[in-house]
Every structure is written in C-alpha cells, then in structure tokens.
Enquirer: 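Structure in structure tokens, see below.
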Amino acid sequence: MLLQTHTRNRPEPAPQSLVAAEDGPVAEGREFVWSNGDFTRIKALIYKKAGISLHDGKHAMVYSRVSRRLRETGHGSFKSYLDWLERHDGPEWQEFVNALTTNLTAFFRESHHFDILAQHLHSKPAQNWRLWCSAASTGEEPYSIAMTCAESLGSSGTYHIVNSDIDTKVLATAARGVYKTESKGLSQERLQRFFMRGKGSNAGLMKVKPELQKHMEFMTINLIHELPLREPFDVVFCRNVMIYFDGPTQRAVLERIHRIMKPGGMLFVGHAENFSDARNLFVLRGKTVYERL
C-alpha cells in the first residue's frame, strides 16, 4: 500500500515568516507558499482516493512530498496544482497517491509472524496454499513470506502469493526483486539459497532466484475499493496499513478482507493495530495474529 520499504520524509526548513490569509496562516520562506487551506484540500483528496487519514502533525511531510509533484508538473503553487488535478482524470492521480503513501519495511520484519506462519504451513504441508500480501511495498515482506513457504513446505510444496500495493512505483521494485546485498534481516543461508549475487556493474546487488519468484503475482490494489480477487486465501498479511485509516474505513477494509478469506484463515497485522471491534469477523490467536471466523 498502501501505505505496508523505505521512508520518503525529509526535514523541512522552518518557515521564515507567517502572514494572515483567508484560508489560515501561510508559510513563506519556502520554495512554494504553503497554507492551511492547501493542507486541508490535500487531506480531503487523499482520503477520498486512498482512505488515508492525515492528522495536523503531517504538514511538513505533505509539503515535502507534494511539492515534488509541483516541480515535476511545472506548477508554481499548490492551488494551481490541485485545481489542475481536480480537473483531470489522468495518471497524475496515481503520482499524487504514490507521493503520500509511506513505505517502511525490511526482510523478516516482526519476525514472530514468520514463526507463526511456518507453524501454520506445517499443519497442512500438502495443501495448495493461497496467500495475499496486501501492502507489498518494495517487496521485502512478500519475499520473506515466500522464503518461509519454501522452507516450511519443501520443494514439493504448492503455494501462490498475490502481492499488492496502491503505490505503483514500490510495487514495480517488488516485482523486479533486486536488492542491495547488505539488506538487513537475511541470514547468510537465506542469501545463498534464495538470491543470486550480481557481478560487474551489478556488484553489491542481489536478485531473487526464479524458483522463488515463480510463486509470486503482483497487482495494484486500492483497499478502499472492492477487491479484484476471487479465489479465497488461507493467509493474509495486512501489516501497518490500518493505522492510516479512520474507524469506518478500517471496518470496511476488514469486511472486504473477511470476504476473500477462507474460514480459519490467518490474518497478520501490524504491532500497533487492534481489531477488538471486529470480533464478529476475526478472533485474536496470537500477538497481532487473527483467525477469520
């Protein structure tokens, strides 16, 4: 996603002065004039398009990320850019969404989840497993899932992993499966078993081996829309996504996920996410792991 790896924030210079305006204080001393009104418009647009709920502490982050779109499109103000964006239904909407999604991930992040997944897979080694990673980001999480499947099910294991994100750029990185060799979270054994080391101009890089990648499918999915998925899943990873949604949006997304999971399927969520209000859909079975009812 959404929203499920690197950070794209950067520190912003403090505004040099503030002057009054009809839509609230305006920050000057930056490349572009920035107002409360600009923030309010962006907040409403990203909520409508992606369900992301921005709080007032995100001013600097939003200015930094959306100002890049102003430079790319040649607009001299946020008002000009947003007016133009709302008049057009083209690819810039995807760039706008990409700019405001956060991608922070690593191989085998929150490692206890992969221990639980391995135990779950061991329970039915002959099953044809279907798994969905709903916030694939740059791919470290999907490939961690795939490595766990390979280790748990063996060479004869059958599994298919659907990997999605709302951010098309990070999803393209995930599909390529190329990473720096110093990427954290991987043991030497896993590096040797699942990756090919680059040589020459590709030195310092590694690529996921074809025998692991053949189990992967990548597609763009916006979780606030109806899901383009038909066959039910045994396992769903939706980690650190719901924290960007408000309560009603969380509930709607959980209902969509519930509909495309098999009864008894396992849902893995982020460490700061709690769905006690959805007891009729999921029951807690471990640390941030839920079973689909």
Side-chain angles (χ1 to χ4, degrees), residues 1-9 46-47 50-55 57-58 61 97-98 100-120 131-149 161-167 170-171 173-174 183-185 220-224 227 229 233-261 265-279 281-293:
M1 166 179 93
L2 215 134
L3 293 168
Q4 81 163 265
T5 313
H6 58 279
T7 55
R8 286 178 279 188
N9 301 43
I46 196 61
Y47 182 80
I52 298 173
S53 183
L54 295 171
H55 60 75
K58 295 293 185 180
M61 181 273 283
V97 171
N98 288 356
L100 288 170
T101 52
T102 297
N103 299 282
L104 178 63
T105 191
F107 289 105
F108 292 95
R109 186 184 184 202
E110 297 182 46
S111 60
H112 72 282
H113 278 167
F114 300 96
D115 296 334
I116 295 170
L117 174 60
Q119 294 170 14
H120 191 48
L131 307 93
W132 176 32
C133 179
S134 65
S137 189
T138 47
E140 287 88 340
E141 182 171 298
Y143 291 117
S144 298
I145 296 169
M147 285 183 269
T148 303
C149 288
I161 307 171
V162 175
N163 306 286
S164 67
D165 205 284
I166 194 174
D167 187 328
V170 296
L171 195 61
T173 298
S183 297
K184 295 180 180 180
T220 306
I221 291 180
N222 186 335
L223 295 177
I224 70 167
L227 302 174
L229 303 165
F233 292 92
D234 304 284
V235 174
V236 172
F237 274 67
C238 188
R239 305 196 304 174
N240 305 306
V241 177
M242 297 293 186
I243 54 175
Y244 297 101
F245 298 150
D246 60 14
T249 305
Q250 282 187 9
R251 175 70 191 195
V253 171
L254 283 172
E255 289 175 352
R256 292 187 191 99
I257 292 174
H258 183 269
R259 286 197 291 271
I260 54 88
M261 288 184 72
M266 303 299 285
L267 172 65
F268 294 81
V269 303
H271 67 276
E273 296 167 324
N274 185 305
F275 304 131
S276 57
D277 292 338
R279 292 190 183 94
L281 303 176
F282 299 94
V283 61
L284 189 65
R285 290 300 188 211
K287 185 180 178 183
T288 55
V289 180
Y290 291 82
E291 180 183 339
R292 191 267 199 206
L293 296 175

Enquirer: Work out which heavy atom in Ile260 is nearest to a heavy atom in Leu229; give both atom names and the distance.
Expert: CG2-O, 3.7 Å
Enquirer: Output yes when a side-chain donor or acceptor of Glu291 lies under 3.5 Å from a complementary backbone atom of Val283, and no otherwise.
Expert: no
Enquirer: Are more than 12 heavy atoms, taken from residues, nucleotides or ligands other than Arg279, located less than 6.0 Å from that residue's CZ atom?
Expert: no
Enquirer: When you measure from the side chain of Tyr290 to the backbone N and O of Phe275, does any donor-acceptor pair fall under 3.5 Å?
Expert: yes
Enquirer: Run the side chain to side chain contact (heavy atoms under 4.5 Å, CB included) check on Asp167 and Val97 step by step: do they pass?
Expert: CA-CA 7 Å; Asp167 187 328; Val97 171; over 6 Å; no
Enquirer: How long is the gap from CZ on Arg292 to CG on Asp234, to the nearest 0.5 Å?
Expert: 12.0 Å
Enquirer: For a quick test of reading the model, state the closest non-hydrogen atom pair linking Ala136 to Leu171 and the distance between them.
Expert: CB-CD1, 4.1 Å
Enquirer: Going by ring pair (Phe, Tyr, Trp, His ring centres under 6.0 Å), name the residues that satisfy it together with Phe114, two or more places apart in sequence or in a different chain.
Expert: Phe108, Phe237
Enquirer: Shortest non-hydrogen contact from Ile257 to Phe282?
Expert: CG2-CZ, 4.2 Å
Enquirer: Take a 6.0 Å sphere around NE2 of His271 and say whether it holds more than 12 heavy atoms from other residues, nucleotides or ligands.
Expert: no
Enquirer: Show the nearest heavy-atom pair for residues Ala174 and Ser137, with the distance to one decimal.
Expert: CB-O, 3.5 Å
Enquirer: Assess whether side chain to side chain contact (heavy atoms under 4.5 Å, CB included) is satisfied between Leu117 and Phe268, documenting all intermediate values.
Expert: CA-CA 9 Å; Leu117 174 60; Phe268 294 81; 4.1 Å; yes
Enquirer: Could you measure the distance from the CD atom of Glu141 to the NE2 atom of His113? Nearest 0.5 Å is fine.
Expert: 9.5 Å
Enquirer: Short question: side chain of Glu273, backbone of Asn240 - any donor-acceptor pair under 3.5 Å?
Expert: yes
Enquirer: Distance check, rounded to the nearest 0.5 Å: Phe233 atom CZ versus Leu227 atom CG?
Expert: 9.0 Å
Enquirer: Would you indicate whether the side-chain heavy atoms of Cys149 and Leu131 approach each other to under 4.5 Å?
Expert: yes
Enquirer: Side chain to side chain contact (heavy atoms under 4.5 Å, CB included), that's the test. Do Leu267 and Val289 meet it? Break it down for me.
Expert: CA-CA 6 Å; Leu267 172 65; Val289 180; over 6 Å; no
Enquirer: Before giving the answer on side chain to side chain contact (heavy atoms under 4.5 Å, CB included), spell out for Ile224 and Thr249 the whole-Å C-alpha distance, their side-chain angles and the decisive distance to 0.1 Å.
Expert: CA-CA 7 Å; Ile224 70 167; Thr249 305; 3.9 Å; yes
Enquirer: Would you kindly say whether Ser53 and Asp246 are connected by a side-chain donor-acceptor distance under 3.5 Å?
Expert: no
Enquirer: What's the spacing between Met61 CE and Lys58 NZ if we round to 0.5 Å?
Expert: 5.0 Å
Enquirer: I'd like to know if the side chain of Asn163 reaches the main chain of Ile161, judged simply by a donor and an acceptor atom lying under 3.5 Å from each other, with no hydrogens or angles considered.
Expert: yes
Enquirer: Taking only residues two or more places apart in sequence or in another chain, which ones pass ring pair (Phe, Tyr, Trp, His ring centres under 6.0 Å) with Tyr143?
Expert: none
Enquirer: Considering non-hydrogen atoms only, spot the tightest contact between Ala135 and Val241 and give its length.
Expert: CB-CG2, 3.4 Å
Enquirer: As an exercise, state the distance from NZ of Lys287 to CD of Glu110, rounded to the nearest 0.5 Å.
Expert: 8.0 Å
Enquirer: If you measure from CD on Gln250 to CG on Leu223, what distance do you get to the nearest 0.5 Å?
Expert: 12.0 Å
